There are 2 protein chains.
Amino acid sequence: MPTKKITKNTERCALQEILGVIGGKWSMSIIYALSHRTMRFSEIERMIPGINTRMLVKELKNMENNGIVTREVFATVPPTVEYTLTAKGKKLNPIIDELYKWGEEYVDKSMS
Amino acid sequence: MPTKKITKNTERCALQEILGVIGGKWSMSIIYALSHRTMRFSEIERMIPGINTRMLVKELKNMENNGIVTREVFATVPPTVEYTLTAKGKKLNPIIDELYKWGEEYVDKSMS
C-alpha cells in the first residue's frame, strides 16, 4: 500500500483505503457467505471454492481488525470458532448483491 | 485464479469471476476517474495517486479485454490515446458510489 498522499484527489485516496479493507481476493466472498448467518470457520471454508485454510485465516483476521466480522471462540473440544458480520459488514451486503447482479448481466457473456 | 470448479456454490464462483474483472487494486479507481468523461492516459495517471505507468497500462489492458473501457488512438504527434467507459463499465458507477459512501461512513473512523 503506498503512503497516503495529501492531494486534491482525496476521493480516490479514500477509494484506495476502502479497497484495502474489502478489496482482498476473498473478502467479498466471505461477506457474501456470512450474509445470512453466523458460521463456523469450517463452514465458511466449504462455502468458498478455491480458498485454502491459510488464506482464510489471514482474510478473516484482516476483516476482524477492520471491524467487518466478529470472532467468537467456544470452549468445546475441539474449540469452535464462529464468525459473524458486524453492522459495518452487513452494510456491504446490498453493494455485493448489486455487484453480483452486474456480473450476472455481463461477466458470463464476455467470459466462458 | 483457481480453475473454475463445478460446485453447488455457483454464486460464489461467479463472485470470484466478477472480482477477476473489477477487483484489481486499481480498477475501481480507474472506473471512478472515467465516470464523468473520456480521458487521456496521462490524465488518468494524474487522477490516481500511487499508480505507476506500468500498472496503469496493465489494468487498462485488462479492462479493455473485459469490455469495461474502450481505447481510441489518435494520429497526433505524439499519438494521443483516450479511454472511455463502455455501457458495461458505466453500470459499475452507482456500485462504486455506494462503496465510497460506505467508506465515508466507516473507513475513516476505523483507520489512521
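For clarity, every value in this text was computed on a predicted model and none was experimentally measured. Protein chains get the first letters and strands the later ones, always in sequence-line order, with residue 1 at the start of each.
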Item to check | Heavy-atom contact with chain B under 4.5 Å, split by part of A:Ile68 | outcome: side chain
Checklist entry - At what distance, to the nearest 0.5 angstrom, does CD of B:Glu98 lie from CG of A:Leu99? => result 12.0 Å
Checklist entry - Going by an N to O cut-off under 4.0 Å, is there a salt bridge joining A:Glu105 and B:Lys91? => result yes
Checklist entry - Which atoms of A:Leu92 come close to chain B, meaning under 4.5 Å heavy atom to heavy atom: side chain ones, backbone ones, both, or neither? => result both
Checklist entry - Hey, quick one: are B:Leu60 and B:Phe74 part of the same hydrophobic cluster, counting side-chain heavy atoms closer than 4.5 Å, chains of contacts allowed? => result no
Checklist entry - For B:Lys88, does its backbone N or O pair with a side-chain atom of A:Trp102 as donor and acceptor, under 3.5 Å? => result yes
